[in-house]
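Down below is the structure, laid out as structure tokens.
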Amino acid sequence: MDHNQLNDIFLRQLTLSGVRDGETVSVLTRGNERTDYADAALWAAQELGANAFQLRLPTARAASGAWAVGESGLGSNPVAVDALKQSDMLIDLTFLLFSKEQFAIQDAQTRILTVVEPAPLLSRLMPTRDLRERVEVGAEILAKAQTMRITSPGGTDVTYQLGVYPAVSEYGYTDTPGRWDHWPSAFVFTGGADTGVDGTIVISAGDVLLPFNSYVQAPITLTIEKGFITDIRGGLDAELLASYIASFDDPRGYGMSHVGWGLDERAQWHGLTQFPGGMGMELRSFYGNVMFSIGPNNELGGPNDTPCHFDIPMRGCTLYLDDEVIVRDGDITVDDMKPAGRR
């Protein structure tokens, strides 16, 4: 995507996000990563009359071999955090999610948009107001539920006790003070009670392991008791999953985190084959997927801040809220959550 095309999509994004004359927009980068995104975001902010600045962190030190969420690079730099708190909107090109620093910036009423996916995907899955409305319908329904049950032809049968944590919507832009979102995205989620998830989840062939960014080749069977995975069985994929979690040496890495479903009919299940280099937001968003997560729930206000994290979108599931079918065999059943052509 060339310079002008990047400018155009960032201008459309910041317009949706309500950037206006007199606001301050900050752009957070690391080393030489996504400098083209930073330039486009700064240009778009100025076009909309905002004051704009870029804060560039040093290149990250060599990785330990595991993707540890919550390590923002800002933990020892309160001056930088304070500068970001002064902005009305932060464009995060580094991935701050799950970090204490992100929560502090949000508490200052700065809205945050994370942007780390490949540019062609940002363009193809440009958020829309219609998609936001459908996602917010899902969040309203989810917020009222007390139980969630998920089943699948592969053998999944798991129940989440709800009502402890809020329902969260992601629709790819943010115009609300203190709110975070991720471009692109289109899904809703909440968390089960800390000891309130029980049953069996079978991750079937074709389901997705993120951050491995890989498709499962053979079933993985998880046994969940009182909110924690107690057994992982299967072939090579199961061994890889178990080995990765064990590498953190943190029993909280086996905790059950957020759970919900995807709503973007434009997102494609095979997207990982098209846009390598991102972090799988298309897979989290594809229409009718049911996604559960392992690891931290501090994003929802919970106590688990382990750096070990998995998001696992699954196909063909059925999801019930208080015994009402919301997703049936991978298809949304509620008309107000469906795009116009599927109602």
Side-chain angles (χ1 to χ4, degrees), residues 1 5-6 8-10 12-13 16-17 33-34 36-37 40 67 69 91-95 97-98 112-132 134-136 138-139 168-174 180-189 203-217 257-294 299 309-317 319 327 330-332 337-339 341-342:
M1 182 170 290
Q5 290 172 314
L6 266 182
D8 176 65
I9 64 170
F10 271 87
R12 292 163 61 193
Q13 167 59 246
L16 280 171
S17 290
E33 295 177 356
R34 303 183 183 93
D36 52 347
Y37 287 17
W67 181 53
V69 299
I91 309 298
D92 168 29
L93 305 182
T94 69
F95 198 74
L97 189 61
F98 299 109
I112 301 176
L113 184 74
T114 295
V115 189
V116 295
E117 292 293 305
L121 191 60
L122 299 180
S123 178
R124 182 163 61 78
L125 299 183
M126 175 64 66
T128 68
R129 290 185 173 87
D130 173 72
L131 187 58
R132 173 180 178 168
R134 292 192 281 118
V135 170
E136 289 182 333
V168 177
S169 59
E170 289 189 32
Y171 44 80
Y173 67 97
T174 180
W180 172 86
D181 212 312
H182 195 155
W183 176 26
S185 58
F187 52 90
V188 296
F189 63 90
I203 307 168
S204 298
D207 295 340
V208 186
L209 297 177
L210 304 169
F212 286 2
N213 282 17
S214 65
Y215 295 97
V216 170
Q217 302 298 307
S257 182
H258 59 78
V259 62
W261 62 91
L263 285 161
D264 194 340
E265 71 282 3
R266 304 167 302 171
Q268 298 170 345
W269 162 71
H270 65 269
L272 287 178
T273 66
Q274 292 181 297
F275 297 114
M279 57 175 295
M281 292 309 294
E282 181 166 25
L283 278 297
R284 290 172 172 88
S285 301
F286 75 85
Y287 190 78
N289 89 76
V290 171
M291 182 175 71
F292 79 98
S293 299
I294 302 169
E299 176 190 13
H309 180 56
F310 268 92
D311 283 343
I312 304 176
M314 303 184 294
R315 298 184 300 162
C317 293
L319 183 150
V327 180
D331 193 18
I332 305 297
M337 281 193 286
K338 298 179 180 180
R342 300 196 184 192

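Side chains are part of it too, since the values below use all heavy atoms of this structure and drop only hydrogens, waters and symmetry mates.
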Positive for side chain to side chain contact (heavy atoms under 4.5 Å, CB included) with Met291, one of Phe189, Phe286, Phe187, Trp261: Phe187
Spacing of [atom1] belonging to [X] relative to [atom2] belonging to [Y], to within rounding of 0.5 Å:
X	Y	atom1	atom2	result
Ile9	Leu122	CD1	CG	5.0 Å
Leu263	Met337	CG	CE	6.0 Å
Thr174	Leu16	OG1	CG	11.0 Å
Glu282	Leu121	CD	CG	5.0 Å
Glu265	Arg342	CD	CZ	6.5 Å
Leu283	Leu272	CG	CG	4.0 Å

What's the shortest heavy-atom distance between [X] and [Y], and which atoms?
X	Y	answer
Ser185	Ser285	CA-OG, 3.3 Å
Gln5	Met1	CB-CG, 3.2 Å
Val327	Gly288	CG1-O, 3.6 Å
Arg266	Thr128	NH1-CG2, 4.2 Å
Ala186	Leu131	CB-CD2, 3.6 Å
Asp92	Thr114	OD2-OG1, 3.1 Å

Side chain to side chain donor-acceptor pair (under 3.5 Å) against Asn289, all qualifying residues, sequence neighbours excluded: none
For Glu117, enumerate each residue passing the side chain to side chain donor-acceptor pair (under 3.5 Å) test, keeping only those at least two apart in sequence or located in another chain. none
Heavy-atom distance under 4.5 Å between the side chains of [X] and [Y], does that happen here?
X	Y	answer
Phe292	Ile203	yes
Ser169	Arg132	no
Val116	Arg34	yes
Tyr171	Arg134	no

Measure the acute angle between the ring planes of [X] and [Y], then classify it against the limits of 30° and 60° as parallel, tilted or perpendicular.
X	Y	answer
Phe310	Phe212	perpendicular
His258	His309	tilted
Tyr215	Trp269	perpendicular

Go through Glu170 and Arg284 one step at a time and tell me if the salt bridge (charged side-chain N to carboxylate O under 4.0 Å, His left out) criterion holds. CA-CA 10 Å; Glu170 289 189 32; Arg284 290 172 172 88; over 6 Å; no
Are any side-chain N or O atoms of Tyr37 and backbone N or O atoms of Ala119, one a donor and one an acceptor, separated by less than 3.5 Å? yes
